[in-house]
Amino acid sequence: MRYWLVKSEPGTYSWDDLVKDGWTYWDGVRNYQARNNLREMKKGDRVLYYHSNIGLEVVGIAKVIKEHYQDPTTSDERWVVVDIEAVGPLKTPVKLSDIKSDPRLKNMPLIKHSRLSVMPVTKKEFDLILKKGK
DNA sequence: GCCAACGTTGGC
DNA sequence: GCCAACGTTGGC
């Protein structure tokens, strides 16, 4: 199993929206690097759900329930989506500032490539964020 | 193929 | 609201 992190602006689609919907297709990715990451996601992979712009924190865990397919919101064949389902919230959201101040998380693309919206996370990083979120 | 101009993202 | 980082576009 692999681990990922996706960003969403809560004003557009928040964690609560995902919980309410149960699942959603992850659309709107228009960046090749992020798209390539979507393509590598496998069913069952865990996904950290991060709120950008407002909140700046990891708020919940989701999982991949359907692997990549053509983005239904565009006819442009370059773009894909995956289906994700809410697994559960973090009891304590993990702030970006907490991630930045932890040397063990310094290598996350979240910090190094702040504009990337879909990124891989190592198991160590994933477990550590879960631990912080307890 | 280079690079300037421009648009977007996202933290502050 | 500003700006840095970065991706994309288009002229040459």
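Remember, it's a predicted structure, so these values are computed and weren't measured experimentally. Chain naming here is simple, since letters A, B, ... match the order of the sequence lines and numbering starts at 1 in each.
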Just how far, in rounded Å, is P of B:dT9 from NZ of A:Lys7? 11 Å
Roughly, in whole Å, what's the span from CE in A:Met119 to C1' in B:dG10? 11 Å
Whether A:Tyr49 and A:Trp26 hold their rings parallel, tilted or perpendicular, with breakpoints at 30° and 60°: perpendicular
So does A:Lys106 have more than 12 non-hydrogen atoms from other groups sitting under 6.0 Å from NZ? yes
Rounded to whole angstroms, how far apart are CE on A:Met108 and P on B:dG10? 14 Å
What's the CH2-C1' distance between A:Trp79 and C:dT8, to the nearest Å? 10 Å
Take the protein atom NE2 of A:His113 and the nucleotide atom C1' of C:dG7, then report the distance between them rounded to whole Å. 14 Å
Integer-rounded Å distance: C:dA4 P and A:Leu116 CG: 22 Å
Roughly how many Å is it from CD in A:Glu9 to P in B:dT8, rounded to a whole number? 13 Å
Is the centre of the A:Tyr32 ring less than 6.0 Å from the centre of the A:Trp79 ring? yes
Through what angle, rounded to 10 degrees, does the axis of the helix from B:dG1-C:dC12 to B:dC12-C:dG1 turn between its ends, using five pairs per end? 10°
Around atom NZ of A:Lys123, are there more than 12 heavy atoms from other residues, nucleotides or ligands closer than 6.0 Å? no
Of residues 25-40 of chain A, the positions that come close to DNA chain C - non-hydrogen atoms, cut-off under 4.0 Å: A:Asn31, A:Tyr32
Residues within residues 52-62 of chain A bordering DNA chain B, heavy-atom distance below 4.0 Å: A:Ser52, A:Asn53, A:Leu56
Could you state the NZ-P distance from A:Lys100 to B:dG11, rounded to the nearest angstrom? 8 Å
